[in-house]
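This report concerns only the one structure given below.
Convention: sequence-line order gives letters A, B, ...; per-chain numbering from 1.
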Amino acid sequence: MAEIIEGISPTRMELLKLGRRIKLAEKGHKLLKEKRDALVSEFLDVVQRVHESRDSTNEKLAEAFKDLIMAQAVMGSDAVWQISQVTGQEIKIDVDTMNIMGVKVPMITTEDVKRSMIDRGYGFADTSSKIDDAARNFEEAIGEVIKLAEVQQSVESLASEVIKTKRRVNALEYIVIPRLKATAIHIRMRLAEMERENFTRLKKIKAAIEAGEEGAEAA
Amino acid sequence: MDPESRVFAKLVRSLNDHLPVERKALGELLREEKPRVVCRDGSTHRIRKEELEAIERIVGSRWGKEAERLKLPILIEMAPDYGRSAARIRGRVYCDILQAILGEDRKTTDEMVIFRPDIRRLRRELPSATQYAFLISTS
């Protein structure tokens, strides 16, 4: 049986107050459980998205690196390095927040980073087609990496909120509510005990009074 | 209000701190460059343009210009009265959106009660245009 709350006097008033507290604690527990369930469901969805995003990012990057190695093999590493120096690109990232049940998760949006061959800024005549493929695949991979960053951060934030909410639910379920109920039982038992004591006391007094009256009559 | 009720009210408030102070109309959000609403805790909640456009496609055909007045985000009301993990969607237009997403063709209604799998589908389709609201059980 759970511990009782110390320092509560066993009165009917306290019992009524405890009844109210138990009811509220149970309502709060129900609500927090709903929040925990919803958070877990969100968390599982985001975890799934992380897996999907990670797979597609790896796939895109593997493809891009394969093309890059091929381009280096065909044109030479120095030539590829020189081309990389002339093709700078500025990527504009907009980071905002989304609020999922009090958890602030990032929302990252970018403009389309894919460029046409002309926009990349290197000549076609003395470059291999593999370098075009590598550039295209890297550009696609950037989008995937940004998506992955967003969901990865969301997963971490949601996980910590799930733990916090779980702890609050468990505290209510295994400590607060049982303690309140145990205290209510204790008060109820104490009141019954006091009633019994009172009853016995009254009986004794009545017997003493009757004995006194009989004694007076006999005298 | 007794101290216990005050504590409970505080708990409910804190559970719903992420809800917007004021919901915005679909038309207004579509016109904004970065559509967002301000939450009760002071933070902002961004809504994706793609989701707004998807909602507009769903409701635009049926409700025409009226659709622009649709208030967003959509509230998924977690009401313990309906049982564990049951949620309620209120409002005819919101129910239309829900039905379109779930691919159902139920009778037009003002209120729908949905359960975990449907909530997950709705959240997957509209993660930023929907928000959970936690309601107190009336029993």
Would you check if [X] and [Y] make a side-chain contact, meaning some heavy-atom pair closer than 4.5 Å?
X	Y	result
B:Val12	A:Lys27	no
A:Lys104	B:Asp41	yes
B:Arg116	A:Asp37	yes

For [X], does the [atom1] atom sit with more than 12 other heavy atoms under 6.0 Å from it, leaving out its own atoms?
X	atom1	value
A:Lys17	NZ	no
A:Glu197	CD	yes
A:Met75	CE	yes
B:Lys24	NZ	yes

If you take all heavy atoms of [X] and [Y], which pair is closest and at what distance?
X	Y	answer
B:Tyr132	A:Glu42	OH-OE2, 3.3 Å
B:Ser43	A:Asn99	OG-ND2, 2.9 Å
B:Leu11	A:Arg168	CD1-NH2, 3.3 Å
A:Met107	B:Ser128	CE-CB, 3.8 Å
A:Glu34	B:Phe134	C-CE2, 3.9 Å
A:Leu31	B:Leu15	CB-CD1, 3.7 Å

Turns out that what part of B:Arg36 lies under 4.5 Å from chain A's heavy atoms comes down to side chain
Applying a strict 4.5 Å limit to non-hydrogen atoms, the region of B:Lys34 in contact with chain A is side chain
Next on the checklist: Quick check against the 3.5 Å criterion: does B:Thr44 have a side-chain atom that pairs as donor or acceptor with the backbone of A:Thr97?
Outcome noted: no
### Message
I'd like to know if A:Asp45 pairs up with B:Arg123 as an ion pair, taking the criterion as any Lys NZ or Arg NE/NH1/NH2 lying under 4.0 Å from an Asp or Glu carboxylate oxygen.
### Response
no
- Charged N to carboxylate O under 4.0 angstrom, B:Arg124 versus A:Glu52? no
Cut-off 4.5 Å, heavy atoms of chain B, and the answer for A:Thr109 is side chain
One option among B:Arg120, B:Lys49, B:Gln131 has the most heavy-atom pairs under 4.5 Å with chain A, and it is B:Arg120
Scored by heavy-atom pairs under 4.5 Å with chain A, the best of B:Ser85, B:Pro73, B:Ser14 is B:Ser85
To the nearest 0.5 Å, tell me how far [X] [atom1] sits from [Y] [atom2].
X	Y	atom1	atom2	result
B:Arg6	A:Leu24	CZ	CG	12.0 Å
A:Met101	B:Asn16	CE	CG	11.0 Å
B:Met78	A:Lys35	CE	NZ	12.5 Å

